[in-house]
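Just so you know, residue 1 is the first one in the sequence shown, and it goes up from there.
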Amino acid sequence: MISIPPTITVHTLTDAHCGVLTRFLAPRIAAAPYSSAMDEAAVRREVMAEPPPAVFPVRWQQHRRLGAWRAGQLVGFLDAAVGLDSESLDRPDYRPFGLIRFLALPDRPELIADAAAALLNAAQRFWQETGIAYVKAFHLSTGYPSFQAGAGLLPGDWGEQIRVLTGADFLLRERYYCFYRLLTDVHEEVTPLADLSLVYRGDRDDRRYELYYRRIDWVGRARLVRSRVISPQGKLPIAYLTDLYIDRPWRQQNIGKWLLRRLINDATLQGDAQMVLHLAHHQHAAVNLFIQQGFQELSYRGYTLEKALTQ
């Protein structure tokens, strides 16, 4: 008798699937650096909610959560959306595009290729039904808030995701590094320029900084988001630096260095154990600034990929 292996089918997931999806996603999320625990409540809040929450500004328009099933078992998951990420949000000429927020593949190597192909084909049908011609995968702004402190990136050892996406004609667009700094003692802050002032907005868990000269001229901004992530020692409080920007006319005056030290001291006094951030590989000046202030690179890479769809 010839044995026919079970086929892989793809179905849209709903709230009724939250339990099985949690069991599938939780160990994969936990394997990524700086991740919070992914329980069923987090799946409902971050994966199934409309619109889904995000650390960075995103304009969500449509959403579809796709599950790959084999013999009644969930073996793969693709979180697909339509909208605009933070990079394109304020550009009036940008049309919405497809987004891959997350891709989880089977544990069994022999199932990876078939599950990935089935998920990507289903996602492409969804995007083409909505008139989408371009797709971005794992943009920094579209990840789950509890996953890598909110960044939509891949851990560097998830080689299978890169392999199946590049095999499906996705092109690598951006590479990110992760930097961290232990927070132990406060450091001296030397104001580089007289008449600089800081305005604080938000709260202790999401604090925004606005920097002005003589309370009139805008100089720069920063933002710290606090989170508690999984670590070998238990839940670790961290400060995630989502933004640090000095306006071009004010650069080369040590203002960025002073503002970063203020952020480090604020996070230290709040009781955070580490400060974490992601930087694109081409941001050489920023990389030098953070290394000078005691940040270290984590053994980790994140990637953004893109693809033009064919009709």
Side-chain angles (χ1 to χ4, degrees), residues 32-35 55-56 86 140-141 143 148-151 153 155-156 174-213 217-229 231-233 236-302:
Y34 299 110
S35 296
V55 172
F56 300 90
S86 59
L140 177 68
S141 64
Q148 295 170 323
L153 306 178
E174 188 63 274
R175 183 171 73 250
Y176 289 90
Y177 303 118
C178 181
F179 286 87
Y180 72 97
R181 186 189 193 280
L182 301 180
L183 302 176
T184 53
D185 303 311
V186 296
H187 295 269
E188 180 183 10
E189 300 173 24
V190 178
T191 306
L193 190 68
D195 294 328
L196 283 176
S197 58
L198 270 175
V199 176
Y200 299 92
R201 307 186 192 280
D203 54 38
R204 68 188 299 270
D205 291 329
D206 189 352
R207 176 169 287 183
R208 299 170 189 263
Y209 301 73
E210 296 284 341
L211 184 59
Y212 293 89
Y213 176 67
D217 296 331
W218 185 80
V219 175
R221 66 174 186 263
R223 181 186 177 198
L224 283 178
V225 177
R226 304 185 74 242
S227 183
R228 299 184 72 84
V229 301
S231 75
Q233 295 77 35
L236 182 74
I238 67 166
Y240 179 44
L241 179 57
T242 71
D243 189 23
L244 177 61
Y245 179 82
I246 302 299
D247 201 20
R248 190 170 299 276
W250 298 96
R251 296 175 188 176
Q252 308 299 322
Q253 300 182 58
N254 288 324
I255 295 175
K257 176 181 176 181
W258 167 71
L259 180 55
L260 178 56
R261 285 203 166 196
R262 169 61 60 89
L263 300 173
I264 291 170
N265 287 342
D266 282 358
T268 303
L269 294 172
Q270 290 285 348
D272 296 315
Q274 294 185 30
M275 184 176 289
V276 181
L277 66 135
H278 296 95
L279 286 176
H281 77 287
H282 58 78
Q283 295 177 291
H284 305 298
V287 169
N288 290 335
L289 170 64
F290 286 105
I291 290 177
Q292 290 170 6
Q293 297 305 309
F295 284 79
Q296 302 177 61
E297 182 186 345
L298 193 68
S299 178
Y300 161 92
R301 293 291 184 273

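Ring centers of Y180 and F295: at least 6.0 Å apart, outside the cut-off. Taking the ring centroids of Y213 and W250, they lie under the 6.0 Å cut-off.
In this structure a side-chain-to-backbone donor-acceptor pair under 3.5 Å is present from D203 to D206. At least one donor-acceptor pair under 3.5 Å links the side chain of N265 to the backbone N or O of H187. With hydrogens and angles ignored, the 3.5 Å screen pairs a side-chain donor or acceptor of R261 with a backbone N or O of E188. Checked by atom type and distance alone, the side chain of R251 pairs as donor or acceptor with a backbone atom of I246 at under 3.5 Å.
What you find for V55 and A149 is that their closest heavy atoms are CG2-O, 3.8 Å. When all heavy atoms are compared, the tightest approach of P237 to G271 is CG-O, 3.7 Å. For the pair R248 and Y245, the tightest heavy-atom approach, listed with the atom from each and the gap, is N-OH, 4.4 Å. Listed here is the closest heavy atom pair of Q148 and P33: CG-O, 3.3 Å.
With a 4.5 Å cut-off on side-chain heavy atoms, L211 and R221 do not count as touching. Looking only at side-chain heavy atoms (C-beta outward), L260 and L289 come within less than 4.5 Å of each other. The shortest side-chain heavy-atom distance between R207 and R223 does not fall under the 4.5 Å cut-off. Looking only at side-chain heavy atoms (C-beta outward), H281 and R301 stay at 4.5 Å or farther from each other. A heavy-atom distance below 4.5 Å is found between the side chains of L196 and W258. A heavy-atom distance below 4.5 Å is not found between the side chains of D205 and V225. Looking at Q253 and P192, their side chains never come closer than 4.5 Å, going by heavy atoms from C-beta outward. The closest side-chain heavy-atom distance from L140 to L153 is below 4.5 Å.
One finds a salt bridge joining D272 and R226 here, because a Lys/Arg side-chain nitrogen approaches an Asp/Glu carboxylate oxygen to under 4.0 Å. Between R262 and E189 a salt bridge is recorded (basic side-chain N to carboxylate O distance below 4.0 Å).
Atom-to-atom distance recorded for L259:CG and T191:OG1 is 11.0 Å, nearest 0.5 angstrom. The distance from atom CG of L298 to atom CZ of F179, rounded to the nearest 0.5 Å, is 10.0 Å. Atoms CZ and CG, from R181 and L263 in turn, are 11.5 Å apart once rounded to the nearest 0.5 Å. Taken to the nearest 0.5 Å, the CD1 atom of I264 stands 12.0 Å off from the CG atom of L269. Remark: S227 OG to Q274 CD distance equals 12.0 Å, nearest 0.5 Å. To the nearest 0.5 Å, the span separating CD1 on I291 from CD on E297 amounts to 7.5 Å.
D266 and Y209 share a side-chain donor-acceptor pair at under 3.5 Å.
Just one of Y240, Y177, F290, F56 meets the ring-ring contact (aromatic ring centres under 6.0 Å, His included) condition when paired with H278; it is Y240.
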Review point. Stepwise, does the side chain to side chain contact (heavy atoms under 4.5 Å, CB included) test hold for V219 with D247?
Key: CA-CA 6 Å; V219 175; D247 201 20; 5.9 Å; no
Point to revise | Derivation and outcome, side chain to side chain contact (heavy atoms under 4.5 Å, CB included), residues Y34 and I238 | key: CA-CA 9 Å; Y34 299 110; I238 67 166; 4.0 Å; yes
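More than 12 heavy atoms of other residues, nucleotides or ligands lie within 6.0 Å of CZ in R204, so this atom counts as buried by the packing criterion.
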